[in-house]
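Report on the following structure.
Quick note: numbers below take in every heavy atom, side chains included, and nothing from hydrogens, waters or symmetry partners. Remember, it's 1-based here, ligands and their atoms both numbered in the order they're listed.
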Amino acid sequence: PSVLLTTAGMQQFKPYYIGKADAMRDFGSKNVCSVQKCFRTSDIDEVGDETHLTFFEMLGNFSFGGYWKKEAIKFAYDFIVNELGIDRGRITATVFGGDNEISEDKESFRIWHEEIGLSKEKIKKHSRADNFWGPTGNEGPCGPTTEIYVDGVEIWNVVFNEYYQNPDKSLRKLEISGVDTGMGLERLAVMLQGVKSVFETDLFEPLISKLREVAPTVFLPAPASADSSSQRRLHLAGRIPPSAGTELRPAPKLPHEIQSALHEKALRILADHLRSSIFLVADGLRPSNKEAGYILRRLLRRIMVYEIKYDIHAELFVLAVDIIKKQYADWYPEVKKSKEILDVLMEEKTKFEKAVAQGVKEINKYEKITAHDAFYIYETFGLPFELLQELVPEKVRDLKKEDLEAERKKHQEISRAGVEKKFGGHGLVLDTGELKAANNEEVEKVIRFHTATHLLQQALRDVLGPEIHQMGSDINPERMRFDFNFNRKLTDEELKKVESIVNEEIQKDLPVSFEEMTFEEAKKSGARAFFKEKYPDRVRVYSIGPDSPVGEEGQPYSKEVCGGPHVSNTLKIGKFKITKQEAVGAGTRRIRAVVE
Ligand code: SER
């Protein structure tokens with residue numbers, strides 16, 4: 001739950017590194033390897049260069065207390081040189097050079113130099129920013145890395161997961177020394193196939209050559225006539241009535257090399273986004289305005305914007321779904337459901353076309369489009385700035401990227417001021433219904449609040465009686481709200497008491513842990529569960545208290561059925577302060593609180 005999409009091969013294995021799951025029991029070995037579908041939004045702006053992709057396949061080998069540095073480095077080297085046949089002269093490595101918190105990884109340096117025989121000049125020591133990996137999400141296993149380069153391109157990241165990073169960024173040493181390695185299949189293919197970019201490998205060849213065939217306009221400057229192609233296409237598609245009279249001017253002339261470089265980049269972006277969105281949809285994701293669904297929606301919109309911008313008449317979704325199916329179905333049977341995948345894509349396309357048509361009507365109302373207008377048009381109709389440039393260049397001619405950026409910032413601040421409004425739109429990185437946060441910093445904050453609500457509930461029961469139970473809760477980075485059944489105002493003394501119990505439990509630095517079980521088992525174990533919605537087959541029971549599993553000796557202070565996420569230890573919560581009590585209808589009271 002700490003990430004929107006899988007960004008690394010190790011994510012599925014997180015519980016094995018921290019001892020919450022047993023690799024021997026589940027895999028019959030402490031050492032495993034995998035091919036993991038990954039998606040990285042962090043690389044989205046780099047897509048179009050030689051090596052970055054949003055979706056990629058990550059090859060990795062992992063050990064949960066089995067082998068360690070020496071074997072991990074030897075395995076990697078042996079695979080590259082002896083299995084793949086890459087000349088050893090092409091290989092260089094980096095190791096972690098140490099900082100004021102963690103010492104230099106001398107061991108890996110020694111192994112590379114003495115045991116593998118790499119000369120010292122070929123082993124670079126790098127800082128924490130480069131040679132320390134993880135955690136993914138808010139917390140988790142992480143550690144120093146040694147990275148392997150072929151011809152100067154990083155192809156393999158070998159992570160020594162020695163630490164656990166807590167949400168407050170502090171590190172603790174893990175009991176299990178874990179190895180986590182990752183190598184992108186696409187980059188590896190670049191090395192082995194002797195090509196320059198991932199887009200030239202056989203993994204992309206079918207899609208790229210199809211795009212070259214159906215989208216020749218991506219390479220040729222669009223005709224600079226008044227009846228410019230985008231306009232014509234919109235008319236043809238019925239997207240704007242011919243009378244709409246959107247006046248188009250020729251795009252500014254750029255030198256030929258710059259134009260073709262730009263176009264090559266657009267083609268690569270199209271190929272990347274088509275492939276990744278097809279895989280996301282095949283995995284069950286649907287376009288929406290929040291979380292992972294919003295990422296998918298952005299990818300699809302970008303594809304559709306390019307279709308308009310470059311006047312591509314072919315149905316890219318239809319072609320791409322077919323190509324991906326042929327190419328990948330043997331390994332990823334989920335892409336065989338081409339009809340279902342295509343339905344999702346085409347439905348989104350219909351929605352987008354409607355929005356564009358409305359947006360075009362809207363932009364016709366403006367003489368000039370200011371940054372404020374452009375932002376509004378984007379937010380309301382999903383028409384990005386680059387499409388405005390394409391459709392109505394004369395109306396946005398004076399508009400600069402910086403102005404738009406300033407507008408975006410201003411908008412963020414305005415939304416921050418109005419907390420209620422804030423989450424009406426989209427762009428949340430976390431939204432569990434109960435917890436809402438728009439960035440990592442806010443995620444940390446709401447998680448602290450969330451654990452505090454569990455303590456608060458138990459403290460209320462301690463003070464007011466065991467009939468108290470949660471009626472609802474709402475958490476955002478500014479405050480937490482907790483509703484419970486009680487039919488009178490709490491006295492000041494009662495409130496003080498509740499507050500200080502919560503703070504006492506926080507000060508005990510109790511560990512927070514969870515176990516999965518059926519809902520029946522959870523109820524039997526005495527875990528609290530109040531929400532009206534239906535529970536899934538297996539639920540999580542979060543315990544705050546002695547470090548013993550639910551149901552055994554030493555009952556935890558609080559035990560609740562809950563989806564998480566929570567802090568790992570109560571001290572992370574900080575100081576808990578009740579700010580207000582209110583009545584919400586008959587028999588329900590609300591407490592508002594903050595943490596400092
Ligand atoms: N987890 C590391 C990475 O994703 C190594 O697998 O790069």
message = For Val159, which part has a heavy atom under 4.0 Å from ligand 1: side chain, backbone, both, or neither?
response = side chain
task = Provide the number and element of each atom of ligand 1 under 4.0 Å from a heavy atom of Gly182.
result = 5 (C), 6 (O)
note = among protein heavy atoms, the one nearest atom 6 (O) of ligand 1 is Asp180 OD1, 2.6 Å
key: Step-by-step side chain to side chain donor-acceptor pair (under 3.5 Å) determination, Thr7 to Gln11   = CA-CA 7 Å; Thr7 60; Gln11 262 163 12; 2.8 Å; yes
inquiry  = I'd like to know if the side chain of Ser338 pairs up with that of Lys325 as donor and acceptor (distance under 3.5 Å, no hydrogens or angles considered).
reply    = yes
ask   = Which residue holds the protein heavy atom closest to atom 7 (O) of ligand 1, what is that atom called, and what is the gap in Å?
value = Asn157 ND2, 3.1 Å
query = Should Glu162 and Trp68 count as side-chain neighbours, where that means a heavy-atom distance under 4.5 Å?
reply = yes
message = Side chains of Tyr163 and Gln165, heavy atoms from C-beta outward: is any pair under 4.5 Å?
response = no
remark   = Short version for Thr181: what comes under 4.0 Å of ligand 1, heavy atoms counted, is backbone
key: Asn61 and Tyr67 side chains, donor-acceptor separation under 3.5 Å   = yes
query = Touching ligand 1 at all, Met58? Heavy atoms, strictly under 4.0 Å?
reply = yes
request  = Name the option, out of Gln36, Met10, Arg40, Glu154, that contains the heavy atom nearest to atom 4 (O) of ligand 1.
outcome  = Arg40
request  = Kindly determine whether Asp26 and Tyr16 satisfy side chain to side chain donor-acceptor pair (under 3.5 Å), including the steps that lead there.
outcome  = CA-CA 10 Å; Asp26 294 350; Tyr16 299 96; 2.6 Å; yes
